Amino acid sequence: MDYSETPETTQLRDMLRRFVEKEMPREAAARWDSDNAFPREVFDRLASLGVMGLTVPEEYGGAGRDIVSTMIVIEELSRRSLAVSVPYIMAACYAGMNLVEFGSEEQKRELLPRVAQGTLMFAYGLTEPDVGADLASVKTRAQRVGDRVVVNGAKRFCSGAGICDYIFTLVRSGDEQDRYRNLSVVLIAPDAPGVSITPINSMGMKGAATTDVTFDNVEIPASQIFGGDAGWHQGWNMLIGSGLDVEKLEVAAVATGVATAALEDAWTYAHERKQFNKLIGEYQSIRHKLADMKTQLHAAKLMLYHAAGMANRHQRCAVETSMTKLFAAEAAKAIALECQTIHGAYGYVKEVAVERYVRDALLIPIMGGSSAIQRNNIYKWTEAGL
Ligand SMILES: Cc1cc2nc3c(=O)[nH]c(=O)nc-3n(C[C@H](O)[C@H](O)[C@H](O)COP(=O)(O)OP(=O)(O)OC[C@H]3O[C@@H](n4cnc5c(N)ncnc54)[C@H](O)[C@@H]3O)c2cc1C
């Protein structure tokens with residue numbers, strides 16, 4: 001098995017690196033973090049590179065479904081700032097991937113060209129105040145009334161609700177007894193009457209601010225049932241469909257991006273900072289830390305691009321993507337914390353980027369299915385022969 005880059009992926013990575021250096025300087029990344037701001041003008045310039053359409057088939061105006069390339073974009077953007085990489089995921093993956101997999105033909109024709117142009121973003125409205133890992137127990141209700149759907153309930157930690165075009169909202173569309181069957185996904189515009197959005201002051205992942213969202217008798221046309229009429233009561237299948245495998249990889253790509261940035265900064269610092277008349281990078285204990293982190297990161301990247309290759313080829317990869325999410329997330333957390341240690345006291349102050357990498361990295365094992373949930377699934381699905 002060979003996971004080395006092709007001339008095309010190297011070209012894409014180089015293009016992204018040039019974009020990041022020019023359009024996303026370090027000072028700007030620090031400012032987006034402290035202001036919890038989404039730099040839409042940078043996002044628009046990113047769209048002009050043509051990378052939004054990497055998840056969209058050519059017949060709908062995209063570049064073709066290419067999961068490996070999508071991961072390269074997420075990784076390179078995350079290496080500088082989640083304020084751009086998370087909105088990219090909201091566009092190319094939350095909107096693009098889900099529409100390709102489960103949108104009705106009408107929704108694909110209307111919305112996929114907008115994904116490719118960079119003018120459509122979905123926020124995920126899955127989690128609720130009483131619902132975390134156990135998503136099948138959502139309480140937000142949707143009722144069909146003629147050609148309308150009425151939604152009541154509340155979502156929590158809905159990131160990017162304030163900047164998205166639609167909240168991809170998991171709702172209970174029938175009897176609670178039949179918990180896996182009676183779920184649907186509906187698309188709700190954040191400015192629809194009856195929608196209220198309140199920011200949550202979270203530790204990291206600034207830019208696509210996370211929020212509480214309430215729906216008070218929100219009425220939407222039935223055409224906003226995801227998947228059209230055929231999608232009603234199909235929410236669970238949409239959630240556990242192959243889109244979920246790619247979703248785990250998106251988080252893993254954020255992890256390798258953040259960890260790469262942290263390690264690069266720590267490596268540089270070790271060659272700048274002197275104590276006891278020696279560069280700290282001359283001490284074996286620091287060199288071993290750097291070597292261990294480089295090894296961990298290399299392993300995480302191999303897992304990421306191996307699993308992304310499988311997803312590209314539509315191979316079954318539920319176990320591989322869970323192992324990748326678990327390993328990359330825990331590696332990123334460990335690497336960010338170790339890099340902070342190498343920076344000593346300076347790793348603890350806002351002006352030094354590693355402080356942000358730590359805050360961002362601490363989220364990665366929590367979101368997109370926690371490490372415990374990945375472990376449960378790796379065991380369960382392996383036993384089941386998947
Ligand atoms: C900054 C931020 C942004 C987020 N963005 C979004 C978003 O955009 N959209 C969205 O829908 N959600 C989002 N989330 C929510 C996130 O996906 C959830 O936090 C996550 O799914 C876990 O849910 P929970 O925190 O309620 O934990 P719980 O499910 O309540 O779990 C609590 C603890 O118990 C463990 N646990 C739970 N069940 C089991 C089990 N069966 N076996 C072993 N251990 C278990 C968990 O691993 C965890 O350690 C975000 C969260 C944060 C912090």
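Just follow the structure's listing: the first ligand is 1, and inside any ligand the first atom is 1. It should be emphasised that the depicted structure is a prediction, and the values quoted were computed from it without experimental measurement.
Checking only distances, Phe157 does come within under 3.5 Å of ligand 1, N or O to N or O. Checked against a 3.5 angstrom limit, the closest N/O atoms of Ser370 and ligand 1 fall inside it. Among the atoms of Asp134, none of the N or O lies under 3.5 angstrom from an N or O of ligand 1. Not a single N or O atom of Arg156, backbone or side chain, sits closer than 3.5 Å to an N or O atom of ligand 1. At least one N/O-N/O distance between Leu126 and ligand 1 falls below 3.5 Å. Remark: ligand 1 and Ile366 share no N or O pair separated by less than 3.5 Å (distance only, no angle test).
For Gln143, the CD atom is loosely surrounded, since the number of other residues' heavy atoms within 6.0 Å does not exceed 12. Atom NZ of Lys139 is surrounded by more than 12 heavy atoms from other residues, nucleotides or ligands within 6.0 Å.
Atom 18 (C) of ligand 1 has Thr127 OG1, 4.1 Å as its closest protein atom, hydrogens excluded (heavy atom only). For atom 41 (N) of ligand 1, the closest heavy atom belonging to the protein is Asn376 ND2, 3.4 Å. Nearest protein heavy-atom neighbour of atom 39 (C) of ligand 1: Ile373 CD1, 3.7 Å.
Within the listing of ligand 1, atoms 3 (C), 4 (C), 5 (N), 6 (C), 7 (C), 8 (O) sit less than 4.0 angstrom from a heavy atom of Ser159. Each of the following atoms of ligand 1 lies closer than 4.0 Å to a heavy atom of Leu363: 1 (C), 2 (C), 52 (C), 53 (C). Residue contact check: Tyr124 has heavy atoms under 4.0 Å from atoms 7 (C), 8 (O), 9 (N), 10 (C), 11 (O) of ligand 1. Close approach to Ala372 involves these atoms of ligand 1, each under 4.0 Å from a residue heavy atom: 43 (C), 44 (N), 47 (O). Atoms of ligand 1 lying under 4.0 Å from any heavy atom of Ala133, numbered from 1 in the order shown and given with element: 23 (O), 29 (O).
Ser85 approaches Leu77 most closely through the heavy-atom pair CB-CB, 3.6 Å.
Within the 4.0 Å cut-off (strictly below), a protein heavy atom is located near atom 9 (N) of ligand 1. Per-atom contact check: atom 51 (C) of ligand 1 touches the protein, criterion being a heavy-atom distance below 4.0 Å.
Between Tyr88 and Phe43, the ring center distance fails the sub-6.0 Å criterion.
A heavy-atom distance below 4.5 Å is not found between the side chains of Thr169 and Leu187.
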